[in-house]
Amino acid sequence: MSVCVLSPGALTTVQDGGRNGYGYLGFNASGVMDERAYRIANALVGNFTDEAVLEMAMLGGRFEFTAPCLFAVTGADMGATLSGEEIRMYQTIFADEGDVLAFSAAKTGFYTYIAFAGGIDVEPVLGSRSTNLKCGIGGFQGRKLQKGDVLTLREPALPPERLPRVRVPAESYAGDAAEVRVVLGPQNDYFTKAGLQTFLSAPYRVTANTDRMGCKLDGAKIEYKDGVDIISDGIVFGSIQVPPAGTPMVMLADRQTTGGYAKIATVVSADLPKLVQRRPGDTVYFHAVSAHQAEKLYKKEQRALDRLLLRYGKDLVR
Amino acid sequence: MEQPEILRSGDCALVAEFGKEIDEHTNALVHALDRAVRDKGIFGVRECVPTFRSLTVLFDPMLISGDRLEKKLLRLCKTLSAEAQTQKTVVEVPVLYNGEDLQDVADYAKLSVEEVVRLHAGRDYRIYMLGFLPGFVYLGGMDERIFCPRLTTPRTRIHAGAVGIGGEQTGIYPLPSPGGWRLIGTTPVRPYDAARTPPVLFSAGEYIRFVPIDEPAFDEIQKQVDAGVYVCRRTEGSV
């Protein structure tokens with residue numbers, strides 16, 4: 001079973017939950033930008049483990065199915081059609097042999113995910129099927145997709161006609177502003193009181209330089225005490241670095257493992273999807289919560305995703 | 001053992017910070033805690049990333065709370081012995097010193113090219129951490145006579161294996177990338193190779209010694225590296 005790439009879109013890569021566990025060797029994790037959309041997409045097609053999906057950025061591609069297949073589309077709305085017919089997102093959909101799945105530019109949001117029942121069959125590298133563009137490893141030949149590529153799919157747990165069709169409420173990325181919750185630190189003591197206040201109240205605009213590595217923001221300068229150079233230390237998904245220019249940069253999926261700028265705060269995991277789905281020109285406001293609150297938010301998010309999988313599991317057994 | 005300061009890095013990571021300086025003792029504490037966490041296998045810990053002076057500990061809040069993990073880390077620190085490292089592993093890295101900026105480095109240092117090579121290859125460098133790129137080593141202990149500022153305009157592409165000097169640091173580019181360090185030579189060995197097991201040649205806590213080689217030796221070693229049979233010499237020594 002396979003999917004042919006008729007046109008790849010702007011930046012379409014094979015991704016999964018990330019190449020985790022190798023940060024100590026300097027491997028950046030890669031993986032999907034919007035983990036929530038990714039996990040829902042996999043759940044909708046009965047992929048219980050972290051199967052590899054396609055991630056499309058800003059402008060989607062066109063893909064032809066060579067055999068009957070179940071798939072689901074989540075994330076940004078790119079006006080998906082199946083052989084010319086509009087299709088719903090956040091729903092299990094059946095494609096027949098020869099059907100063409102097509103996307104255009106994202107209307108709202110930035111990253112769209114396609115999960116196929118069974119997942120994409122590429123060789124894992126260091127335990128992950130994610131594409132690491134910088135190193136040229138993982139995913140489909142270590143690169144973004146090109147016209148003419150043929151993606152092989154893994155065998156799903158059940159034949160497509162026996163898999164249940166499920167629909168969940170779609171995520172909305174509408175609007176051009178988002179409030180993003182953060183936990184201050186680990187280097188918030190590098191900034192003045194006024195600087196912290198600026199960071200937590202000023203609007204920050206997403207710049208065109210934003211990519212899978214980092215969300216570079218423009219806006220009021222954050223005042224720091226003596227400087228923002230630190231002895232390089234660990235960076236996580238959501239770390240907010242402040243370089244000497246004084247405007248923040250949120251480190252994302254393709255971040256390097258370590259960095260030498262002070263990190264004023266860290267985005268709470270539950271708010272990462274809404275941050276990564278912002279488009280250049282959109283506005284972001286930061287709002288501080290305690291680490292306890294952030295952990296609570298994390299648990300709430302995980303439980304909701306687990307419930308979705310369980311609900312689907314019941315259908316699958318029936 | 002000294003107690004680290006535990007900092008928060010969001011809802012899924014703690015940072016155990018042992019100091020604000022780059023020194024061998026602080027770094028040894030970081031790696032001791034890293035080893036202890038790995039050996040102990042704390043339930044809920046996903047990954048540890050050791051750096052110069054701190055250990056980032058990634059965890060799953062569904063399995064362990066940040067507070068509980070903090071207590072466990074602090075308790076673990078108390079049980080660690082603070083004995084100084086007496087033995088070291090030295091990895092010999094052959095280098096052909098023919099870099100494009102070697103003469104510039106010599107001019108800046110007001111030394112001869114031979115003198116720069118002698119100073120660069122004349123000591124063992126501690127690997128404080130790996131980061132930035134797979135297999136990129138952060139080394140300490142370069143002779144201050146060959147400190148040299150970075151290029152004002154970084155190169156857009158530096159070849160894998162390039163050995164360079166950037167300010168007070170020296171290191172090896174593990175894969176082609178842009179960079180601003182002054183290039184003094186090239187090693188035929190590959191610090192990083194995704195197809196190899198293990199993919200990265202060096203471990204933090206080891207030492208690197210650069211060994212000058214000539215062109216014929218470079219070609220011979222490169223052949224062996226391509227065939228997958230070259231192994232860097234590792235020796236044990238006292239610190």
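Quick note on labels: first sequence line is chain A, next is B, and so on, each numbered from 1.
The CD1 atom of Ile231(A) sits 5.0 Å away from atom CD1 of Ile22(B), with the distance rounded to the nearest 0.5 Å. Distance CG/Asn188(A) to CG/Leu7(B): 8.5 Å, rounded to 0.5 Å. The OH atom of Tyr24(A) sits 12.5 Å away from atom NE2 of His31(B), with the distance rounded to the nearest 0.5 Å.
With chain A as partner, the option from Gly66(B), Cys12(B), Pro134(B) having the largest number of non-hydrogen pairs under 4.5 angstrom is Pro134(B). Per-residue heavy-atom pair counts under 4.5 Å with chain B were compared for Val267(A), Asp233(A), Thr257(A), Val183(A), and the maximum is reached by Asp233(A). Contact count versus chain B (heavy atoms, under 4.5 Å) is highest, among Ser269(A), Ala291(A), Ala270(A), for Ser269(A).
Within 6.0 Å of CD on Glu179(A) lie more than 12 heavy atoms contributed by other residues, nucleotides or ligands. Counting non-hydrogen atoms of neighbouring residues, nucleotides and ligands closer than 6.0 angstrom, the CZ atom of Arg123(B) exceeds 12 such neighbours. Counting non-hydrogen atoms of neighbouring residues, nucleotides and ligands closer than 6.0 angstrom, the NZ atom of Lys20(B) exceeds 12 such neighbours. Shown here is Tyr261(A), whose OH atom has no more than 12 heavy atoms of other residues, nucleotides or ligands within 6.0 Å. The number of heavy atoms from other shown groups lying within 6.0 Å of NZ (Lys225(A)) is above 12. Counting heavy atoms of neighbouring residues, nucleotides and ligands inside a 6.0 Å radius, atom CD of Glu21(B) does not exceed 12 of them. For Glu236(B), the CD atom is densely surrounded, since the number of other residues' heavy atoms within 6.0 Å is greater than 12.
For a residue to count as touching a neighbouring chain, one of its non-hydrogen atoms must lie under 4.5 Å from one of that chain's; by this rule Tyr192(B) touches chain A with the side chain only. For Ala13(B), the part lying near chain A is the side chain, with the backbone staying farther off; criterion is any non-hydrogen pair under 4.5 Å. Of the two parts of Tyr22(A), only the backbone, made up of N, CA, C and O, holds a non-hydrogen atom closer than 4.5 Å to a non-hydrogen atom of chain B. For Ile235(A), no part lies near chain B; criterion is any non-hydrogen pair under 4.5 Å. For Val236(A), the part sitting under 4.5 Å from any heavy atom of chain B is the side chain, from C-beta outward, and nothing else. For chain B, no part of Gln293(A) is nearby; none of its heavy atoms comes within less than 4.5 Å.
Proximity of a side-chain donor or acceptor of Asp11(B) to a complementary backbone N or O of Tyr298(A) within less than 3.5 Å is not detected. Ser9(B) places no side-chain N or O within 3.5 Å of a backbone atom of Pro186(A) that could act as its donor or acceptor partner.
Taking both residues in full, the closest heavy atoms of Thr258(A) and Tyr138(B) are given as OG1-OH, 3.8 Å, listed atom of the first, atom of the second, then distance.
When each of Glu295(A), Lys296(A), His292(A) is tested with Ser65(B) by the rule side chain to side chain contact (heavy atoms under 4.5 Å, CB included), just one qualifies, namely Glu295(A).
Residues of residues 238-256 of chain A lying under 4.5 angstrom from chain B, judged on non-hydrogen atoms, are Ser239(A), Gln256(A) in numerical order. Within residues 40-63 of chain B, the residues approaching chain A closer than 4.5 Å by heavy atoms are, in numerical order, Arg46(B), Glu47(B), Cys48(B), Val49(B), Pro50(B), Thr51(B), Phe52(B), Arg53(B), Ser54(B), Thr56(B), Leu58(B), Phe59(B), Asp60(B), Pro61(B), Met62(B). Taking non-hydrogen atoms and a 4.5 Å limit, the residue list of residues 165-187 of chain B in contact with chain A, ordered by number, reads Leu175(B). Within residues 131-142 of chain A, the residues having any heavy atom under 4.5 Å from a heavy atom of chain B are, by residue number, Lys134(A), Cys135(A), Ile137(A).
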Begin from the C-alpha positions of Phe27(A) and Val200(B) and carry the test side-chain contact (heavy atoms from CB on, under 4.5 Å) through to its verdict.
CA-CA 10 Å; Phe27(A) 278 92; Val200(B) 168; 3.9 Å; yes
